[in-house]
K.L.:
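A single structure is presented below for examination.
Order of appearance sets the numbers: ligands from 1, and atoms from 1 within every ligand. For the numbers below, each heavy atom of this structure counts, side chains included, while hydrogens, waters and symmetry mates do not. It should be emphasised that the depicted structure is a prediction, and the values quoted were computed from it without experimental measurement.
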Amino acid sequence: MTTPATPLLPGSTLGVLGGGQLGRMFVHAAQAMGYFTAVLDPDPESPAGLVSHQHIQTGYEDPDGLARLAQLSDAVTTEFENVPAVSLAALAGQCPVAPAARAVAVAQDRAQEKAHFVGCGVPCAPYAVIETAQQLAAVSADLLPGILKTARMGYDGKGQVRVKSAAELAAAWASVGQVACVLEKMLPLQLECSVIVARGADGASVHLPVQRNLHRDGILAVTEVYEGNLPPALASQAVAAAISIANGLDYVGVLCVEFFVLQDGSLVVNEIAPRPHNSGHYSQNACDVSQFELQVRTLAGLPLVQPRQHSAALMLNLLGDLWFAHGETAQTPAWDAVLQLPGTHLHLYGKTLAKHGRKMGHLNITAPTALQARATALQAAALLGIAPF
Ligand code: ATP
Ligand code: MG
């Protein structure tokens, strides 16, 4: 089952597999609309588990835990793509699940994902699948310099090695344990952007405005969304490509599609995430429907209404690094000073332990104009110790 036969109205229970920050914000959105929630995550202190009505503390593949989640929930979704597709498939035998295991499986595997892009006619980076020594030896020199990415389990730039020569490629493949990988040609990027699409079981979809993203060290740092953040023709092209990728998967739920814009202005799809995405967080404060409310609506089978952005917005990711002065001494970021700036909205995920590179929260900045939003965001960044952008 992917969707309920009739809409699940408030008072029903919505379940989520995974207890990270995306699950937490889904729970908040569901509860705001009057739903009960159930979270499955082994960590007793998981961000979503801490705020959910029910928290099942078992592994993602534990049959009893999954059965309990299905029994408590009227429908179940997922909040991170590395959740085993087999667990989603098992749940789907017991209650409605969206997105479907089949779509999540495609997003989990870079080789399948790229084959899907090709099938949809959306250009992606030239690539080769490397699963065997023969495939490694046969790699075309055209793909170098490139990035070797493990086919599965990568996030925030983890499981990626940049290589310039065949020798470096062989060493990189050995360093990741010769697991299945894709080698992608290194492309000359002008900028990066992404689109959040929400698609219902009837095939109708709505989307958020195109987000312009800045990554640092393979991790999203800043998202900017306002009129003119991208040339309009490019933005329309990205929306059309994202919708065709969702349609091709017969997707139900919230899907994020990440793109590269190359130096020559052409658009290339990078990857998809079968869930709300870090780059869509600005929608919580800048749009009349957030990406998490869209996730609630798609899961419950409620109508989808095209969201409207009412404020120019920037999102700054708050990584654990901000909790360390000069990279060493523990400190509390200057929240009071930041919150004195107009249009700042603080979102923290309830994680007690700050670590370098760990996503602890984000700051949304809204303003009537792009110029004002950017100026405030730069002030906030300076107060927090985030490098200017
Ligand atoms: P996440 O899931 O957190 O978005 P990830 O680990 O899946 O990240 P990718 O999105 O594949 O990683 O890559 C991370 C970043 O590395 C990209 O946003 C981009 O800045 C850079 N990058 C990745 N692939 C390429 C490429 N082929 N050419 C140039 N830059 C690239
Ligand atoms: Mg990415």
Side-chain angles (χ1 to χ4, degrees), residues 18 20-22 78-83 104 106-114 116-118 122-130 139-140 142-164 168-169 172 176 179-196 210-224 230 238 242 245 254-281 291 315 317-320 349 356-360 362 389:
Q21 61 265 17
L22 298 175
T78 172
E79 64 106 39
F80 74 130
E81 65 257 52
N82 292 334
V83 75
V104 174
V106 172
Q108 275 175 347
D109 186 302
R110 289 189 193 275
Q112 282 191 49
E113 188 177 54
K114 286 187 161 42
H116 179 67
F117 298 149
V118 173
V122 179
C124 62
Y127 72 101
V129 176
I130 299 177
V139 161
S140 153
D142 285 354
L143 294 178
L144 296 170
I147 308 187
L148 184 73
K149 302 181 178 183
T150 57
R152 305 180 69 84
M153 299 304 254
Y155 69 98
D156 289 348
K158 295 187 174 68
Q160 301 196 1
V161 190
R162 295 180 176 217
V163 293
K164 290 196 205 71
E168 278 183 24
L169 173 62
V176 298
V179 294
C181 285
V182 298
L183 173 70
E184 257 179 61
K185 187 178 172 70
M186 180 74 85
L187 298 175
L189 307 191
Q190 185 190 130
L191 57 93
E192 297 187 58
C193 64
S194 57
V195 181
I196 307 282
V210 181
Q211 297 116 208
R212 179 171 177 158
N213 303 322
L214 171 69
H215 290 80
R216 286 178 174 153
D217 301 326
I219 307 178
L220 181 65
V222 183
T223 294
E224 306 192 37
L230 290 162
I245 287 167
V254 171
L255 180 77
C256 178
V257 184
E258 292 182 60
F259 296 94
F260 300 139
V261 177
L262 307 188
Q263 306 262 310
D264 66 4
S266 61
L267 186 78
V268 167
V269 61
N270 172 21
E271 60 172 355
I272 56 174
R275 49 169 172 78
H277 191 260
N278 198 164
S279 63
H281 289 352
Q291 62 170 347
M315 189 264 342
N317 250 353
L318 305 172
L319 300 182
Y349 308 146
H356 292 285
R358 187 176 198 201
K359 290 176 179 170
M360 302 295 287
H362 62 274
F389 37 87

K.L.:
Counting only heavy atoms, which portion of N270 has something under 4.0 Å from ligand 1: side chain, backbone, both, or neither?
P.N.:
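Just the side chain.
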K.L.:
Out of all atoms in ligand 1, which are within 4.0 Å of some heavy atom of H215? Include the element for each.
P.N.:
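The list of qualifying atoms is 18 (O).
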K.L.:
So if I count the atoms of ligand 1 from 1 in the order they appear, which ones are less than 4.0 Å from some heavy atom of Q160?
P.N.:
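Result: 5 (P), 6 (O), 9 (P), 11 (O), 12 (O), 13 (O).
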K.L.:
How does K185 reach ligand 1, if at all, at less than 4.0 Å between non-hydrogen atoms: by side chain, backbone, both, or neither?
P.N.:
backbone
K.L.:
When only distance counts, is L187 in polar contact with ligand 1, meaning an N/O pair under 3.5 Å?
P.N.:
yes
K.L.:
Just to verify, what does Y349 make a ring pair (Phe, Tyr, Trp, His ring centres under 6.0 Å) with, not counting sequence neighbours?
P.N.:
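Once residues adjacent in sequence are excluded, the partners of Y349 under the ring pair (Phe, Tyr, Trp, His ring centres under 6.0 Å) criterion are H362.
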K.L.:
Atoms of ligand 1 less than 4.0 Å from I147 heavy atoms?
P.N.:
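Those of ligand 1 that fall under 4.0 Å from I147 are 22 (N), 23 (C), 24 (N), 25 (C), 26 (C), 31 (C).
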K.L.:
Between M360 and L319, which heavy-atom pair has the shortest distance, and what is it?
P.N.:
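Here M360 and L319 meet closest at CG-C, 4.1 Å.
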K.L.:
Keeping the roles fixed (side chain from Q190, backbone from L262), state whether a donor-acceptor pair exists under 3.5 Å.
P.N.:
yes
K.L.:
Does ligand 1 have a heavy atom under 4.0 Å from the side chain of R110, from its backbone, from both, or from neither?
P.N.:
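Side chain only.
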K.L.:
If you measure every N/O of E258 against every N/O of ligand 1, is any gap under 3.5 Å?
P.N.:
yes
K.L.:
Salt bridge or not between R110 and E184? Use side-chain N to carboxylate O under 4.0 Å.
P.N.:
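Answer for the salt bridge query: no.
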K.L.:
Who are the ring pair (Phe, Tyr, Trp, His ring centres under 6.0 Å) partners of F80, not counting sequence neighbours?
P.N.:
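Scan of F80 (ring pair (Phe, Tyr, Trp, His ring centres under 6.0 Å), adjacent residues dropped) gives Y60.
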K.L.:
Any side-chain to backbone donor/acceptor pair from D217 onto I219? Under 3.5 Å, distance only.
P.N.:
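Such a contact is absent between D217 side chain and I219 backbone.
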K.L.:
To the nearest 0.5 angstrom, please state how far the NE2 atom of H277 sits from the CD1 atom of I272.
P.N.:
11.0 Å
K.L.:
Specify side chain, backbone, both or neither for L220, according to which of its non-hydrogen atoms lie closer than 4.0 Å to ligand 1.
P.N.:
neither
K.L.:
Which one holds for R162 and ligand 1: side chain close, backbone close, both close, or neither close, with close meaning a heavy atom under 4.0 Å?
P.N.:
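Just the side chain.
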K.L.:
Report the part of M186 (side chain from C-beta onward, or backbone N, CA, C, O) that has a heavy atom under 4.0 Å from ligand 1; answer both or neither where that applies.
P.N.:
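The part of M186 near ligand 1 is both the backbone and the side chain.
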K.L.:
Counting heavy atoms only, which of C256, G218, A125, S279 is nearest atom 14 (C) of ligand 1?
P.N.:
G218
K.L.:
Any side-chain to backbone donor/acceptor pair from Q108 onto V83? Under 3.5 Å, distance only.
P.N.:
yes
